[in-house]
K.L.:
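Dropping the structure in here first, questions after.
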Amino acid sequence: NGPRTTSTKVSVDQPERVARIAAKKIERDKVVGPRTAPRLTIVEALELLRAHKERKGVSASTMEITRDKGRQLIAHFGVGFDVAAVTLADCEGYMDARRPDVTDHTIAKELATLRAALVQARRHGRYIGEPRDLWPSELVDFYTPRDRWLTVNEYRRLRMAAYPPRREHLAAYVYLGVRYSELYRIRSEHLDLAGRRVFVDGTKTKASKRWVPIARELVPVLERRADRGQLFEPWLRQNMRQSLHRWATKAQIAPLSANDLRRTFASWLCSAGVPELTAARLMGHTSSTMVRRVYAQLGDEVLLEAIDRLPLVTVDGATDMPRDSVETGD
């Protein structure tokens with residue numbers, strides 16, 4: 001009556017993590033029993049999440065990110081995977097399988113998508129577990145929010161290293177504080193040059209649709225583009241990511257992302273003494289009813305004064321870009 005052993009059926013030449021995943025599956029099957037016919041496939045659960053996000057009116061870019069995470073989950077678990085019987089061992093196996101290729105930050109975002117899908121499945125009566133119990137302990141305390149932003153000198157160096165037709169895109173991100181996709185929805189009719197403001201047609205939150213005063217640094221840029229219809233031609237995410245990395249290397253500064261440009265806008269404002277609530281309104285943020293009430297009390301003169309605290313980088317708003325420059329690529 002000694003201890004019983006069960007083969008994982010993993011050959012000795014396979015990586016250790018493969019054997020661990022197989023062992024966890026054996027352990028799970030002994031506790032909950034082998035799976036039978038699927039009751040809720042992962043595809044169905046992700047569809048419930050997609051429908052929920054569409055009803056909330058989330059932005060197209062957020063929907064695409066959710067789809068990307070969902071594709072990774074489906075690639076690992078398979079289209080017929082029964083998420084109604086998913087266990088912690090399954091999520092730990094996912095983490096072990098993904099770790100050689102991506103960071104824990106990415107894994108957490110992907111598993112968070114699975115957890116969000118299960119929350120929606122539970123609301124529809126198709127999942128009876130607790131999604132929080134599926135979170136691997138190794139991912140509990142790993143996340144540190146990014147705090148990357150550019151100093152004025154770093155921005156100046158990045159700008160000089162950048163491909164000239166893209167310098168005005170950089171200026172728009174840094175001096176408007178817009179999200180990636182918001183920049184490409186700004187059109188000529190959104191400009192109020194006389195009032196020195198521009199309408200940002202954001203969609204992510206209720207506060208995303210907003211008027212932002214135009215920084216002095218940005219005035220000549222928008223004046224040159226005022227008759228273009230769509231003020232800024234789209235810059236593909238992948239191309240932007242690669243370009244920013246290349247330019248940062250050339251400028252000898254730390255790597256940065258598109259969102260770090262938006263963070264620079266907030267950091268410069270706060271460093272200049274602008275109240276956080278004022279900066280939040282300019283960025284289209286909202287966190288509570290009380291904060292929104294405070295935002296509503298901030299007049300246009302206060303916001304314009306805040307924008308005027310942003311630094312000038314080019315002398316008197318001069319630019320390296322000729323008026324008739326045509327953007328072609330990177």
Side-chain angles (χ1 to χ4, degrees), residues 144-162 166-183 186 191 195-200 202 204-205 207-208 210-223 225 231-232 235 240-241 243-245 247-248 250-287 291 294-295 298-321:
T144 301
R146 284 182 62 87
D147 58 3
R148 176 75 172 110
W149 58 281
L150 295 169
T151 65
V152 174
N153 185 50
E154 284 181 323
Y155 171 68
R156 184 180 289 111
R157 290 160 62 183
L158 178 70
R159 184 178 178 282
M160 293 305 298
R166 291 300 189 196
R167 290 176 183 170
E168 293 191 345
H169 281 69
L170 292 179
Y173 277 118
V174 168
Y175 284 91
L176 286 177
V178 292
R179 298 176 177 90
Y180 169 79
S181 60
E182 289 176 339
L183 183 63
I186 300 177
L191 274 182
R196 235 187 82 190
R197 62 179 189 164
V198 59
F199 180 71
V200 178
K204 189 166 187 178
T205 68
S208 292
R210 61 202 187 275
W211 284 96
V212 179
I214 302 172
R216 289 173 295 165
E217 178 81 10
L218 201 57
V219 168
V221 173
L222 297 185
E223 285 179 341
R225 293 172 173 265
L231 264 61
F232 291 88
W235 190 0
M240 185 178 187
R241 188 179 303 115
S243 295
L244 288 176
H245 179 78
W247 300 339
K250 183 178 178 181
Q252 297 182 327
I253 63 175
L256 72 152
S257 67
N259 202 47
D260 294 335
L261 299 176
R262 174 171 155 85
R263 191 176 293 109
T264 296
F265 173 80
S267 298
W268 284 1
L269 287 174
C270 293
S271 296
V274 174
E276 291 184 2
L277 295 180
T278 306
R281 182 178 174 184
L282 289 167
M283 298 179 71
H285 275 310
T286 182
S287 59
V291 171
V294 174
Y295 289 164
L298 299 175
D300 291 340
E301 291 182 1
V302 175
L303 298 180
L304 184 56
E305 179 184 356
I307 285 292
D308 279 343
R309 298 185 188 184
L310 292 173
L312 283 169
V313 174
T314 57
V315 179
D316 295 328
T319 178
D320 305 315
M321 287 284 294

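The basis for the numbers below is simple: all heavy atoms, side chains too, and nothing from hydrogens, waters or symmetry mates.
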K.L.:
Testing the basics here: between Leu183 and Ala172, what is the closest heavy-atom pair and its distance to 0.1 Å?
P.N.:
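For Leu183 versus Ala172, the nearest heavy atoms are CD1-CB, 3.6 Å.
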
K.L.:
Is it true that a side-chain atom of Arg197 and a backbone atom of Trp211 form a donor plus acceptor pair closer than 3.5 Å?
P.N.:
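No: the side chain of Arg197 does not pair with the backbone of Trp211.
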
K.L.:
Do the non-hydrogen side-chain atoms of Thr278 and Arg281 ever get within less than 4.5 Å of each other?
P.N.:
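No - every pair of side-chain heavy atoms lies 4.5 Å or more apart.
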
K.L.:
Can you name the side-chain hydrogen bond (donor to acceptor under 3.5 Å, both in side chains) partners of Arg156, sequence neighbours left out?
P.N.:
none

K.L.:
Check salt bridge (Lys or Arg N to Asp or Glu O under 4.0 Å) between Arg210 and all other residues, then give those that pass, not counting sequence neighbours.
P.N.:
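Checked Arg210 against salt bridge (Lys or Arg N to Asp or Glu O under 4.0 Å); matches are Glu182.
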
K.L.:
Would you please test Val178 and Val212 for side-chain contact (heavy atoms from CB on, under 4.5 Å) and show each step?
P.N.:
CA-CA 10 Å; Val178 292; Val212 179; 5.9 Å; no

K.L.:
So do Ile253 and Thr151 actually touch side chain to side chain, heavy atoms under 4.5 Å?
P.N.:
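Contact flag for Thr151/Ile253 side chains = no.
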
K.L.:
Using ring-ring contact (aromatic ring centres under 6.0 Å, His included) as the criterion, list what pairs up with Phe265, not counting sequence neighbours.
P.N.:
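Counting only residues at least two positions away or on another chain, Phe265 forms no ring-ring contact (aromatic ring centres under 6.0 Å, His included).
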
K.L.:
What's the separation between atom OH in Tyr155 and atom OH in Tyr173, rounded to the nearest 0.5 Å?
P.N.:
13.0 Å

K.L.:
Please confirm whether the backbone N or O of Gln252 pairs with a side-chain atom of Arg157, one donor and one acceptor, at under 3.5 Å?
P.N.:
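Judged by distance alone, yes, a pair lies under 3.5 Å.
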
K.L.:
Using side-chain contact (heavy atoms from CB on, under 4.5 Å), reason through Leu244 and Asp260 one step at a time and then give a plain yes or no.
P.N.:
CA-CA 11 Å; Leu244 288 176; Asp260 294 335; over 6 Å; no

K.L.:
If you compare all heavy atoms of Pro255 against all heavy atoms of Ala248, which two are closest, and at what distance to 0.1 Å?
P.N.:
CA-CB, 4.2 Å

K.L.:
Could you work out, with side-chain contact (heavy atoms from CB on, under 4.5 Å) as the rule, every residue matching Ala258, not counting sequence neighbours?
P.N.:
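Partners of Ala258 by the side-chain contact (heavy atoms from CB on, under 4.5 Å) criterion, ordered by chain and then number, come out as Met240.
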
K.L.:
If the condition is side-chain contact (heavy atoms from CB on, under 4.5 Å), which residues does Pro311 pass it with, not counting sequence neighbours?
P.N.:
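With neighbours one apart ignored, the set is Val152, Tyr175, Trp268.
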
K.L.:
Would you indicate whether the side-chain heavy atoms of Leu222 and Leu231 approach each other to under 4.5 Å?
P.N.:
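Leu231 reaches Leu222 side chain to side chain.
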
K.L.:
I need the minimum non-hydrogen distance between Ile214 and Val198, along with the two atoms involved.
P.N.:
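Closest approach of Ile214 to Val198: CG1-N, 4.0 Å.
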
K.L.:
Specify the closest pair of heavy atoms between Arg216 and Asp308, including all atoms of both residues, with the distance to one decimal.
P.N.:
NH2-O, 2.9 Å

K.L.:
Do Arg262 side-chain atoms and Gly177 backbone N/O form a donor-acceptor pair below 3.5 Å?
P.N.:
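Here the side-chain-to-backbone pair exists.
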
K.L.:
Quick check: does any side chain N or O of Arg263 sit under 3.5 Å from a backbone N or O of Trp149, one acting as donor and the other as acceptor?
P.N.:
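Answer holds: no.
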
K.L.:
Keeping Glu217 on the side-chain end and Val313 on the backbone end, is there a donor-acceptor pair under 3.5 Å?
P.N.:
yes

K.L.:
Please round to the nearest 0.5 Å and tell me the distance separating atom CZ of Arg159 and atom CH2 of Trp247.
P.N.:
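Between Arg159 CZ and Trp247 CH2, I get 11.5 Å after rounding to 0.5 Å.
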
K.L.:
Got a sec, which residues hit side-chain contact (heavy atoms from CB on, under 4.5 Å) with Ala266, two or more places apart in sequence or on another chain?
P.N.:
Met283

